[in-house]
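Note sheet for the following structure.
As the structure is a prediction and not an experimental result, all values here were calculated from the model.
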Amino acid sequence: MKKNNKNNKNGGGSEKNVTLLLAVCCVIIICVILFVVINGTSTGEIDKDVTVVEEEEEETTVEETTEGTTAEIIDISVEPVELNEELYGYIDTLNTNLRNYFDENYDSGKIITVYGYMYDTDTNLPVETEEIYGGEVPEVLKDVNLLYIKSGDFDYIDNIDSLDIDVDLYDENLSPFTSILTTEGYLISSDQYPGGILSEDDYRTLIMRYNLDHGDIYTPDENSSNYTIIYNLISKEWGDDYTPDIKYMGIDDKYGVAVANVLESPTEFKEFLFMKSGSSWAVRSKELANKDNVKQFVNEKYPDMDLSLLPVYDLSEYNDFKTDLYGYYDSIVELSDLGVTEEDLPAVYCLYSSGFIYYEFAESKRVLGYIDSEGALTFYKIGSVNEAVAAMADLSDNPPVFIIKFS
């Protein structure tokens with residue numbers, strides 16, 4: 001009985017061991033399967049995420065390193081279209097409509113060139129083909145560029161005489177062109193010029209004439225050589241008997257713009273355009289203050305100049321300058337909070353425009369006057385030039401900050 005019991009016990013243990021072994025195997029198999037599935041799925045998600053991140057970083061790098069270059073104009077992702085009679089027909093229609101658009105809008109001052117593109121100053125965006133073509137734009141024209149360039153700039157292309165390009169190389173006026181990448185190269189033409197086919201290198205040479213990237217735009221320090229040179233050029237325009245007050249100066253590595261009046265005659269303003277040559281500067285224009293549509297005027301003369309160099313205000317819009325406003329002296333002195341006494345009179349500097357009066361008295365005591373929409377005049381005590389600018393900005397949108405005495 002004991003032997004039989006022992007045998008029975010061993011037999012039962014074997015069955016349990018087999019069952020346990022099978023269970024363990026099943027668990028292991030399931031774990032392996034789950035590991036493969038989970039690991040495979042996780043790996044796919046990580047790889048995908050990493051790819052997206054790398055693509056985003058690469059795109060950001062390209063945007064940063066190519067800002068202000070022809071990469072913004074020559075889109076390497078554009079597929080060339082077949083050069084055939086149908087395309088020529090569409091381009092002829094587009095060129096005709098583009099000329100009509102140009103003629104209708106030019107006098108308003110809204111048309112400028114930015115990197116060679118035709119831009120609308122009202123929107124600060126490129127003019128769209130849909131706006132020009134009229135009706136539905138053919139699919140073949142979806143990647144066409146609307147350009148605003150000089151025919152004479154084709155002369156900068158190497159061996160232009162050997163190319164079959166029909167343009168006037170002596171025409172230095174900006175005019176509308178179209179360009180489109182075809183299987184034969186860039187087809188570029190206008191309603192005036194049949195144009196022709198340019199290689200990518202030749203097209204790039206042409207468009208580089210309109211590259212705005214001339215270094216960072218900044219205001220030079222008053223102790224810098226650039227500031228001194230430009231200030232001296234401005235001084236020569238008025239002569240030794242006058243003291244210029246620089247209202248604005250912005251430069252990059254090629255162009256500069258400055259706005260100034262003179263302390264002896266504050267109502268007399270001039271806006272200058274300078275061009276740099278080596279370490280020196282030369283006056284290219286001193287009449288910008290009198291020009292309507294000043295952006296368009298500058299753009300036509302110097303289409304590779306970044307118009308951000310111009311001040312945010314247009315001096316030609318202001319013709320109400322007044323100075324020597326003595327009539328308010330009693331009120332200013334009576335307002336003790338302003339800190340101006342009889343001994344501080346008369347004003348060292350006074351200028352009015354567009355509802356603002358700026359006074360500077362002896363001991364650099366400053367007062368700002370503002371006439372609101374109801375005609376009420378309020379005076380403010382001003383501690384510094386920066387405080388004056390801030391106060392004017394609080395009282396009005398785009399105020400005439402150039403009335404402030406900066407020097």
Is there a donor-acceptor pair closer than 3.5 Å between any side-chain N or O of T205 and the backbone N or O of D201? yes
Validation row: Y115, L212 side chains within 4.5 angstrom (heavy atoms): yes
Is K286 positioned over the aromatic face of F272, cation under 6.0 angstrom from the ring centre and no more than 45 degrees off axis? no
Could you report the tightest heavy-atom contact between V401 and F406, atom names first, then the distance? O-CE1, 3.5 Å
Would you confirm whether D344, through its side chain, and T341, through its main-chain N or O, come within 3.5 Å as a donor-acceptor pair? yes
Has T323 got a side-chain atom pairing as donor or acceptor with C350's backbone, closer than 3.5 angstrom? yes
Is the gap between the ring centers of Y370 and F356 under 6.0 Å? yes
Treating D191 as the side-chain partner and T96 as the backbone partner, does any N or O pair qualify as donor plus acceptor under 3.5 Å? no
Verify the neighbour count for atom CG of D103: are there more than 12 heavy atoms of other residues, nucleotides or ligands below 6.0 Å? yes
Donor-acceptor pair, distance only, cut-off 3.5 Å: does the side chain of T113 make one with the backbone of Y148? yes
Aromatic ring proximity, centroids under 6.0 angstrom, F321 and F269: yes
Under 3.5 Å donor-acceptor, K291 side chain and F297 backbone: no
Under a 4.0 Å N-O cut-off, is there an ion pair linking E200 with R204? yes
For L198 and L187, what are the C-alpha separation, side-chain angles and deciding distance, and is it a side-chain contact (heavy atoms from CB on, under 4.5 Å)? CA-CA 7 Å; L198 293 178; L187 172 62; over 6 Å; no
Compute the ring centroids of Y156 and F154, then answer whether they are less than 6.0 Å apart. no
Kindly give the heavy-atom pair with the smallest separation between I217 and S308, and that separation in Å. CD1-CB, 3.8 Å
Checking side chain to side chain donor-acceptor pair (under 3.5 Å) for the pair E264/T243: CA distance, chi angles, key distance, verdict? CA-CA 7 Å; E264 295 78 8; T243 308; 3.0 Å; yes
Using a cut-off of 6.0 Å, state whether more than 12 heavy atoms not belonging to E387 lie near its atom CD. yes
Side-chain touch D153/Y210, heavy atoms, less than 4.5 angstrom: yes
Parallel, tilted or perpendicular: which describes the rings of F361 and Y359, with under 30° parallel and over 60° perpendicular? parallel
Side-chain donor-acceptor pair present, S353, D320, cut-off under 3.5 Å: yes
Please answer whether the main-chain N or O of I404 pairs with a side-chain N or O of K247 as donor and acceptor at a distance below 3.5 Å. yes
Using a cut-off of 6.0 Å, state whether more than 12 heavy atoms not belonging to Y242 lie near its atom OH. no
Is there a salt bridge (charged side-chain N to carboxylate O under 4.0 Å, His left out) between D252 and K276 once you walk through the steps? CA-CA 9 Å; D252 58 21; K276 191 173 186 180; over 6 Å; no
Does one side chain, of S384 or N386, offer a donor that lies under 3.5 Å from an acceptor on the other? no
Just checking, any donor-acceptor pair under 3.5 angstrom between side chains of Q296 and N299? no
is_close_aromatic(F402, Y313), centroid dist under 6.0 Å: yes
After noting the C-alpha distance and the side-chain angles of D122 and K110, does the key distance pass the salt bridge (charged side-chain N to carboxylate O under 4.0 Å, His left out) rule? CA-CA 6 Å; D122 290 342; K110 68 184 294 183; 3.7 Å; yes
Regarding D245 and K405, does a basic nitrogen lie under 4.0 Å from an acidic carboxylate oxygen? no
Does F274 have R284 sitting over its ring (NZ/CZ under 6.0 Å from centre, angle to axis within 45°)? no
D306 side chain to L309 main-chain N or O, any donor-acceptor pair under 3.5 Å? no
